[in-house]
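Small disclaimer: the values here were computed from a predicted structure and weren't measured. Letters A, B, ... mirror the listed sequences (proteins, then strands); counts begin at 1.
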Amino acid sequence: MMPAKESIYNTIYDIVRAIPRGRVSSYGAIANAIGAKGAARMVGYAMNLSHAIQPKVPAHRVVNRNGMLTGKHHFETPTQMEALLIKEGISVVDDQIVDFEKFFWDPMIEL
DNA sequence: TACATGACTCTTA
DNA sequence: ATAAGAGCCATGT
């Protein structure tokens with residue numbers, strides 16, 4: 001199995017957990033922030049595993065570069081992601097965040 | 001060591 | 001502008 005030691009995944013979870021409520025970030029930005037530039041796929045991979053990670057990881061705050069909820073189908077329910085975002089004050093239309101740039105939270109800059 | 005996977009991103013047709 | 005393909009990284013087998 002995977003090494004018990006934490007890998008970049010743990011770092012990703014830490015960054016995602018650091019995302020303020022009502023804000024969102026992108027896979028590429030996170031990958032860039034952790035040092036794994038271009039490894040946006042790894043971030044998505046980590047999110048897929050995040051369902052079993054504790055403390056809970058707000059994966060719903062992580063979307064693709066276009067602000068589209070690409071991973072909504074990976075949640076417990078396909079509506080959970082947008083529901084949570086809307087709940088935090090973010091408008092989601094057609095699986096896409098409205099004014100994504102406005103809600104965008106860059107871990108590299110904020111941190 | 002090499003191949004396969006993936007909630008991405010970029011470039012080209 | 002929209003669609004399709006290739007590129008990229010880290011991890012597992």
Side-chain angles (χ1 to χ4, degrees):
Chain A
M1 292 302 285
M2 61 185 81
K5 283 182 51 54
E6 22 333 303
S7 49
I8 67 168
Y9 296 129
N10 193 357
T11 309
I12 293 169
Y13 301 141
D14 188 38
I15 295 290
V16 176
R17 280 184 286 124
I19 299 175
R21 180 177 171 286
R23 290 281 200 237
V24 290
S25 186
S26 64
Y27 302 100
I30 295 170
N32 201 346
I34 65 176
K37 298 178 182 172
R41 297 178 134 178
M42 291 292 84
V43 178
Y45 232 14
M47 294 298 95
N48 190 3
L49 306 173
S50 67
H51 74 94
I53 300 297
Q54 293 180 347
K56 195 168 76 172
V57 179
H60 62 275
R61 292 181 188 154
V62 183
V63 295
N64 71 348
R65 242 327 220 144
N66 292 310
M68 187 175 181
L69 311 185
T70 52
K72 64 176 282 177
H73 283 229
H74 287 258
F75 279 74
E76 301 177 43
T77 61
T79 55
Q80 178 140 28
M81 190 171 190
E82 59 184 90
L84 287 168
L85 290 171
I86 293 169
K87 203 169 182 180
E88 299 193 350
I90 299 173
S91 301
V92 179
V93 177
D94 192 27
D95 301 340
Q96 188 175 307
I97 295 175
V98 180
D99 296 328
F100 170 65
E101 301 178 34
K102 193 166 109 174
F103 294 108
F104 180 67
W105 182 84
D106 191 336
M108 210 164 177
I109 296 173
E110 301 297 331
L111 297 179

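- Under a hydrophobic clustering in which Ile, Leu, Val, Met, Phe, Trp and Tyr are joined whenever their side-chain heavy atoms come within less than 4.5 Å, directly or via other members, A:Val62 and A:Val92 fall into different clusters.
- Looking at heavy-atom distances under 4.0 Å, A:Ala46 makes no contact with the nucleic acid at all.
- Here the NZ atom belonging to A:Lys87 is positioned 9.0 Å from the CD atom belonging to A:Gln80, to the nearest 0.5 angstrom.
- Checking C:dC8, B:dA7, C:dA10 against the side-chain heavy atoms of A:Asn48 singles out B:dA7 as nearest.
- Side-chain atoms of A:Tyr9 lie closest to C:dT11 of the nucleotides B:dT9, C:dT11, B:dA7.
- Following rounding to the nearest Å, A:Leu85 (CG) and B:dA7 (C1') show an atom-to-atom distance of 13 Å.
- Listed candidates were C:dA10, C:dC8, B:dT9. Nearest to the side chain of A:Arg41 is C:dC8.
- Whole-Å rounding puts the A:Ile97 CD1 to B:dA7 P distance at 18 Å.
- Here B:dT5 is the nucleotide among B:dA7, B:dT9, B:dT5 with the atom lying nearest to any side-chain atom of A:Tyr45.
- Here the side chain of A:Phe75 is nearest to one of B:dA7, B:dT9, C:dA10, namely B:dA7.
- Atom CD1 of A:Ile30 is separated from atom C1' of C:dC8 by 17 Å (rounded to the nearest Å).
- For A:Thr70, the side-chain atoms get nearest to B:dA7 when compared with the rest of B:dC10, C:dC9, B:dA7.
- Atom CG in A:Asn32 sits roughly 15 Å away from atom C1' in C:dA10 (whole-Å rounding).
- Across the protein-nucleic acid pair, A:Gln80 atom CD and B:dA7 atom P stand 18 Å apart, rounded to whole Å.
- The distance between atom CG of A:Asp95 and atom P of B:dA7, rounded to the nearest whole Å, is 15 Å.
- OP1 and OP2 of B:dC8 both lie 4.0 Å or more from every side-chain N or O belonging to A:Ser26.
- Tracing side-chain contacts under 4.5 Å through hydrophobic residues (I, L, V, M, F, W, Y), one never reaches A:Ile30 starting from A:Phe100; they form parts of separate clusters.
- The interatomic distance linking A:Asn64 (CG) with B:dG6 (P) rounds to 18 Å, in whole Å.
- Residue contacts shown for A:Lys72 are absent, as no nucleic acid heavy atom lies under 4.0 Å away.
- Donor-acceptor pairing under 3.5 Å, judged by distance alone, is absent between the side chain of A:Arg65 and the base of B:dC8.
- Considering only heavy atoms from C-beta on, A:Val57 comes within 4.5 Å of A:Met47 through its side chain.
- Ionic pairing of A:Glu110 and A:Arg23 is not present here: no N-O contact between side-chain nitrogen and carboxylate oxygen is shorter than 4.0 angstrom.
- When the P atom of B:dA7 is taken as reference, atom NE2 of A:His74 falls 4 Å away, rounded to whole Å.
- For A:Ala59, the side-chain atoms get nearest to B:dA7 when compared with the rest of B:dC8, B:dA7, C:dT11.
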